[in-house]
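Below is one structure, written out as structure tokens; comments come after it.
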Amino acid sequence: MTALLETRGVWQRFGGLVANSDVSISVGRGEIVGLIGPNGAGKSTLFNLIAGVLPPTQGSIIFDGQDVTNLPAAERCQRGVARTFQVVKSFETMTVIDNVIVGALVRNTGMREARRKAHEVLEFTGLAARADVLASDLVPAEKRRLEVARALATEPKLLLLDEVLTGLTPTEAQTGVALVRKVRDTGITVLMVEHVMEIVMPLVDRAIVLDLGKVLVEGKPADVVRDPKVISAYLGDRHAVGA
Ligand SMILES: Nc1ncnc2c1ncn2[C@@H]1O[C@H](COP(=O)(O)OP(=O)(O)OP(=O)(O)O)[C@@H](O)[C@H]1O
Ligand SMILES: [Mg+2]
């Protein structure tokens, strides 16, 4: 079966800085894939390239069998790519339900249908009781959840999660993990950036490690965390196995 998403030899340069360097990854339908790597490794940049925020300097992006490299973000969203932002971008002066309606309007032209979809997603994400609260009044964990809800309201095939479990208490993070599993169980493919290994590794089917813009290692979580290259990228060479 073909992959849902493939990046082929993708580069992103910002002036002299190379944020993504020849990145080729693939994500299969129905997988939860973790994208990990140290700060500045190029993870959010790769999300921007996949979502269409930026065109890659070089390389191509294949989504659902089509080359989407030159399509704008809105068109990719129509085709089923949704993402959350590392820095939460809710519409603060709008209610929770209205934030989610913004997402639902991508696929529902009528306001009634969009509102119905938004309510359904709020139930699914456990935010129903907060529907009429202003986004600015949500606690951080709820804001992250709202980001996920807005993305889900677009009815994606692929959900890109950029550090949605970061900065949460262990209990909140476990609730988030359960939500990601539930999302996947509805048939949505998930590619997620996360730093906290203890949380992300038990959740993902496969992990891809970026370091200095390049794919360093990819494989099963248990193998990836033991890989000396990964240990060295995270902790510095002196901690590498056998060093
Ligand atoms: N728009 C931009 N202009 C210039 N440089 C950028 C831009 N966006 C990202 N960079 C640089 O590209 C590199 C990769 O950044 P990116 O945000 O993709 O890393 P990351 O892996 O998401 O890091 P973090 O874990 O801290 O979120 C960094 O050196 C960053 O400063
Ligand atoms: Mg980032």
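For ligands, and for the atoms within them, numbers begin at 1 and follow the listed sequence.
- The protein non-hydrogen atom at the shortest distance from atom 19 (O) of ligand 1 is G42 N, 3.3 Å.
- The nearest N, O or S atom of T45 is not closer to the Mg ion (ligand 2) than 2.8 Å.
- Annotation: side chain of V180 is not in contact with side chain of V183 (no heavy-atom distance under 4.5 Å).
- Proximity to T45 (heavy-atom distance under 4.0 Å) selects the following atoms of ligand 1: 9 (C), 14 (C), 15 (O), 16 (P), 18 (O).
- Comment: R184 engages D205 in a salt bridge, judged by a side-chain N to carboxylate O separation of less than 4.0 angstrom.
- Distance check for atom 11 (C) of ligand 1: a protein heavy atom is found below 4.0 Å.
- Of the charged side-chain nitrogens involved, none lies within less than 4.0 Å of a carboxylate oxygen, so that E147 and K143 do not count as a salt-bridged pair.
- Shown in contact with L17 at under 4.0 Å from a heavy atom are these atoms of ligand 1, numbered in order with element: 11 (C), 12 (O), 13 (C), 29 (O).
- Of the N or O atoms in G40, one or more lie within a sub-3.5 Å distance of an N or O in ligand 1.
- Any N or O atom pair closer than 3.5 Å counts here, and A41 shares at least one such pair with ligand 1.
- Under the 4.0 angstrom criterion for non-hydrogen atoms, G37 is not in contact with ligand 1.
- Of the candidates V18, N39, T166, the one placing a heavy atom closest to atom 24 (P) of ligand 1 is N39.
- Crowding of L17 atom CG: a count of heavy atoms from other residues, nucleotides or ligands under 6.0 Å exceeding 12.
- Of the protein's non-hydrogen atoms, F14 CE1, 3.5 Å is the one closest to atom 9 (C) of ligand 1.
- Near E163, the atoms of ligand 1 lying under 4.0 angstrom from a non-hydrogen atom of the residue are 25 (O), 27 (O).
- Short contacts between ligand 1 and Q86, defined as distances under 4.0 Å to a heavy atom of the residue, involve ligand atoms 27 (O).
- With respect to R79 and E75, a salt bridge is recorded, a charged nitrogen being found less than 4.0 Å from a carboxylate O.
- Under 4.0 Å is where a charged nitrogen must lie from a carboxylate oxygen, and between E31 and R206 at least one such pair does.
- A distance of 12.0 Å separates CG of D98 from CZ of R150, quoted to the nearest 0.5 Å.
- Counting heavy atoms from C-beta outward, V133 and T95 have side chains that stay 4.5 Å or more apart.
- The nearest protein heavy atom to atom 31 (O) of ligand 1 is not closer than 4.0 Å.
- For residue Q86, an N/O/S atom approaches the Mg ion (ligand 2) to within less than 2.8 Å.
- If you check which protein heavy atom lies closest to atom 25 (O) of ligand 1, you get K43 NZ, 2.8 Å.
- Taking OG1 of T45 as the start and CZ of F14 as the end, the distance is 4.5 Å to the nearest 0.5 Å.
- In terms of protein heavy-atom proximity, atom 17 (O) of ligand 1 is nearest to S44 CB, 3.8 Å.
- Taking the charged nitrogens against the carboxylate oxygens, R145 and E142 have no contact shorter than 4.0 Å, which rules out a salt bridge.
- Under 4.0 Å is where a charged nitrogen must lie from a carboxylate oxygen, and between K43 and D162 no such pair does.
- Ligand 1 is approached by H195 to a heavy-atom distance shorter than 4.0 Å.
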